[in-house]
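Quick caveat: nothing in here was measured; it's all calculated off a predicted structure. FYI, side chains are in, hydrogens and waters are out, and symmetry mates aren't considered; it's all heavy atoms of this structure.
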Amino acid sequence: MEELDKREILLDRKLHFSFDDSGSSSFPQAARQKVDAALQKIHALFQEEASAPLADLERGLRAWTRSHLQDEDIAKVTTLATRAREDFSALVIIGIGGSDLSARVFHDAFNHPYHNLLSTEERGGAPEVYFTGDTFDPRKLVGLIEMLKTRNLLQKTLFNVISKSGTTTETMATLMIIREVLGDVNWRQHVLATTGLTADSGLFRMHEQTPFYGGTLLPVPDGVGGRFSAFSPVGMLFLAMTAGKGETPETRIRAAVEGVKQAHEDFFLPCEHQDNVAYQLARWIHFAEAVDGKGSIVFYNYTDNSCLGEWFVQLCTESIQERGAGPNVINAKGPTSNHSILNGIIAGPRDKVVLFIHWKELGTDLVLPRDTKMDRKLTDFEGLSMTHLQTASYRGTALDFSENGVSNATLTLSKRDIKSVCQLMRLLMDTIAVKGRLQDLHLDTDDGNELTYLQDGVEGYKRNFRSFL
C-alpha cells in the first residue's frame, strides 16, 4: 500500500474513500510494512474461510458474511412480510442492541420522517412502527400499550420479538407484559419470533409447544451475532414490512441484497486494491490507534440521522474493545454536532480522529428563495439548495479539522438509498472484522472463537443484576 497522505480514492461502485493524515505523526516505514504484511495474512485467511463449507464455520470464523445471504431466509422474510402487511396495522419491534439497532437505522434512513402520522394509503400499505424491549423503565411501554388500546390497534398489532438466545432479559420481560395485555388465548398469533433455531433458545422452545404467528420462526443464523445481523431476518423483515409507496417487500429486499453483495465482492478483492475500502479503512483506524495513540473515533454522519452512529458504536466497541485495546466511538451528526462537540475536537485533548460519512444526494431537496430582503449577511445563501449547504458545511468542517491537525477520513456515498446504506453497513462490518484481526483477536482464545465476535465483558453486569433481583 502507498504511504498515508491526503488523497481520494474514487470507486466505480459509487462509494469513495478519502483521508487526510496531515495532523498525524510520520508513521515509521517499519510500522507500515508490519501492518501491511499482517493485512496480507488476514486477507489470505478470510479467502480460505470463504471457500470452506458454511456448515463447517464456527461463530467468529466469518460465517456471518455468507449465512445472511441465503435464498431460503430471504424468501421466508418476503413471504411473511407480505402476509403480515395484510393482517396487521402496526408493527412493534421488541429487542435490544443488535436485535433492534439495524431496524432503527432502516426506519430513520428510508421511511418517512413522520411515518406514523401518515394514513395507511400514504404509507403505501406499510404498518405503523414502534420500538420497545430495550429497557426496564416502564414509561414508554405503558404509553405504547395505552395508545394501542385507545386507538383499538392492539388486536391489529404484530409484535416481532428478536433475541437469538430467546432469554434476553429486557426483551423477554417486555414480551411477558405484552402476553398479559393480549390475553392467554391468542397472544401467540400476534407475535412473530426471530431467534436461534435450536433448543438453546427460549423462544424456540415456546414455539415448539405452540407456534407463533405464521407457524414459523425467523432465524438468527448460526455464526451471526446481534451486531452483525442487520442483513439476516433480524433487520430484513422490518425493511420488507415497511416498504412504502412505489415499493414492495421484494424490491426493498432486492436493493439491500445488491448493496451487501457489492460490499462482499469488494471485500475479497486483493487487500491493496483501491476498491477494497474495508482494508484501507481498517488500516487507517489501526494506525491512528496503535501507532499514533488516538483512542477515539468520532463517527461524524453528515446527515440528520443518529441511528447509524448508534449502530456503529455497538458494532465497534462490543467487537474490538478487548484485551485493554480498541478505540472508543463518539457518535456525531453534522452540522448539529458542530454546535456541541466540534470545539472539543479541535481545542480539547488531541486523542481523536474523525470519520465522516458524506452523502452527495440526500433525497428531495429544497432551495432557499431569492430576494428575501432579510439581513444582508444572509444574502449569500439565497438561491442555494439545502443539500448544497449541507455539503459546504461538511467540506468546511473537514478542512477545519485538517488545518488544525485533526486526522480525518471520509466515506462518500452517491445517494441515501437502500442499496448504498446497506453497502456502507456491510463495509463497516468488514472493517471491524479486519481491525479485530489486526489486534490479533482471532488468536489465543480458549474456545477457539474470535474475540471480535464475543462480548464476555457483559457477563459481570448480568451476574450482578440477577444478584440484586
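Side-chain N or O atoms of N331 include one that pairs as donor or acceptor with a backbone N or O of S306 at under 3.5 Å. Although no hydrogens or angles enter the test, the distance criterion places no donor-acceptor pair under 3.5 Å between the side chain of T157 and the main chain of L91. The main-chain N or O of F267 is found under 3.5 Å from a side-chain atom of N276 such that the two form a donor-acceptor pair. R85 contributes no side-chain N or O that, together with a main-chain N or O of P249, makes up a donor-acceptor pair within less than 3.5 Å. Under the 3.5 Å distance criterion, the side-chain polar atoms of S385 are left unmatched by any main-chain donor or acceptor of V367. At distances below 3.5 Å, not a single donor-acceptor pair connects side-chain atoms of T168 with backbone N or O atoms of T171. Side-chain N or O atoms of N404 include none that pairs as donor or acceptor with a backbone N or O of V406 at under 3.5 Å. In this structure a side-chain-to-backbone donor-acceptor pair under 3.5 Å is missing from R104 to C307. Distance alone, capped at 3.5 Å, is enough to place a donor-acceptor pair between the N116 side chain and the V129 backbone. Although no hydrogens or angles enter the test, the distance criterion places a donor-acceptor pair under 3.5 Å between the side chain of E122 and the main chain of S119.
Here ring-ring contact (aromatic ring centres under 6.0 Å, His included) pairs that include residues 311-337, with residues two or more places apart or in two chains, are F299-F312. Listed by first and then second residue, the ring-ring contact (aromatic ring centres under 6.0 Å, His included) pairs involving residues 325-345 amount to none (not counting sequence neighbours).
Using a 4.0 Å cut-off between a side-chain N of Lys or Arg and a carboxylate O of Asp or Glu, R151 and E146 do not qualify as a salt bridge. A salt bridge links R227 to E318: at least one charged side-chain nitrogen sits closer than 4.0 Å to a carboxylate oxygen. Remark: K34 does not engage D36 in a salt bridge, criterion side-chain N to carboxylate O under 4.0 Å.
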Requested in this report: In sequence, state the C-alpha distance, the side-chain angles, and the governing distance for T167 and S165, and then conclude on side chain to side chain donor-acceptor pair (under 3.5 Å).
Outcome: CA-CA 5 Å; T167 57; S165 67; 3.0 Å; yes
Query raised in the report: Are D430 and R426 close enough, and set up right, to give a salt bridge (charged side-chain N to carboxylate O under 4.0 Å, His left out), and what steps lead you there?
Result: CA-CA 6 Å; D430 289 332; R426 170 58 197 272; 3.0 Å; yes
**Report entry** Criterion side chain to side chain donor-acceptor pair (under 3.5 Å) on D304 and T336, from CA distance to verdict
**Finding:** CA-CA 8 Å; D304 188 12; T336 309; 5.2 Å; no
Requested in this report: Any chance you could lay out the side-chain contact (heavy atoms from CB on, under 4.5 Å) test for S89 and L153, step after step, and finish with the verdict?
Outcome: CA-CA 7 Å; S89 301; L153 271 178; 3.8 Å; yes
Requested in this report: Applying side-chain contact (heavy atoms from CB on, under 4.5 Å), run through I177 and I145 and close with a yes or a no.
Outcome: CA-CA 10 Å; I177 297 294; I145 293 169; 3.8 Å; yes
Report task. Could you give me the CA-CA distance, side-chain angles and deciding distance for M425 and L308, then say whether side-chain contact (heavy atoms from CB on, under 4.5 Å) is met? Result -> CA-CA 9 Å; M425 292 173 71; L308 182 64; 4.0 Å; yes
Query raised in the report: Between E170 and T135, is a side-chain contact (heavy atoms from CB on, under 4.5 Å) present by the stated rule, with each step listed?
Result: CA-CA 6 Å; E170 296 88 347; T135 179; 6.0 Å; no
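Under the 30°/60° scheme for interplanar angles, the aromatic rings of F465 and F136 are found to lie parallel.
To the nearest 0.5 Å, the span separating CG on D365 from CD on Q390 amounts to 10.0 Å. Taken to the nearest 0.5 Å, the CG atom of L411 stands 6.0 Å off from the CG atom of L427. Interatomic distance, S229 OG to I162 CD1, rounded to the nearest 0.5 Å: 8.0 Å. A distance of 10.5 Å separates CG in N111 from CZ in F106, rounded to the nearest 0.5 Å. Summarising the geometry, atom NZ belonging to K294 is positioned 15.0 Å from atom CD1 belonging to I285; distances are rounded to the nearest 0.5 Å. Atom CG of D100 and atom CD1 of I94 lie 11.0 Å apart (nearest 0.5 Å).
Among the candidates H358, K333, R416, the single residue satisfying the side-chain hydrogen bond (donor to acceptor under 3.5 Å, both in side chains) test with T303 is R416. For the salt bridge (Lys or Arg N to Asp or Glu O under 4.0 Å) criterion with K435, the lone passing option out of E450, E322, E289 is E289.
The shortest distance between side-chain heavy atoms of L158 and P127 does not fall below 4.5 Å. Side-chain contact between P327 and I320: present, with at least one pair of heavy atoms (C-beta onward) separated by less than 4.5 Å. Between T194 and V161 the shortest side-chain heavy-atom distance does not fall below 4.5 Å. Counting only heavy atoms from C-beta outward, the side chains of L355 and V298 never approach each other to under 4.5 Å. Within the 4.5 Å cutoff, side-chain heavy atoms of Q262 are placed close to those of E265. Contact check for I345 versus F401: side-chain heavy atoms found under the 4.5 Å cut-off. Here the side chains of E361 and T387 are not in contact, with every heavy-atom distance at 4.5 Å or above. For the pair L428 and L424, the minimum side-chain heavy-atom distance is below 4.5 Å.
Heavy atoms only, all atoms of each residue included: N338 and S393 are closest at ND2-OG, 4.0 Å. The heavy-atom pair separating D73 from P221 by the smallest distance is OD2-CG, 4.0 Å. What you find for A332 and I341 is that their closest heavy atoms are CB-CD1, 3.7 Å.
Aromatic pair F356/Y394: ring centres closer than 6.0 Å. Residues Y130 and F159 place their aromatic rings such that the two centres sit no closer than 6.0 Å.
Between the side chains of T412 and T410, no donor-acceptor pair is found at a separation under 3.5 Å. T397 and D400 share no donor-acceptor pair across their side chains, judged by distance under 3.5 Å alone. In summary, the side chains of T391 and Y302 do not present any donor paired with an acceptor at a separation below 3.5 Å, with no hydrogens or angles considered. Between T379 and E382, the side chains place no donor N or O within less than 3.5 Å of an acceptor N or O (distance only, hydrogens not considered). Side-chain N/O atoms of D266 and Y279 include no donor and acceptor closer than 3.5 Å. A donor-acceptor contact closer than 3.5 angstrom links the side chains of Q40 and E272. Inspection of the E250 and T248 side chains reveals an N or O donor paired with an N or O acceptor under 3.5 Å. Side chain to side chain, T317 and N328 fail the donor-acceptor criterion of an N or O pair below 3.5 Å.
Annotation: cation-pi geometry not satisfied between R252 and F110 (NZ/CZ under 6.0 angstrom from ring centroid, within 45° of ring axis).
Around CG of N343, the count of heavy atoms belonging to other residues, nucleotides or ligands within 6.0 Å does not exceed 12.
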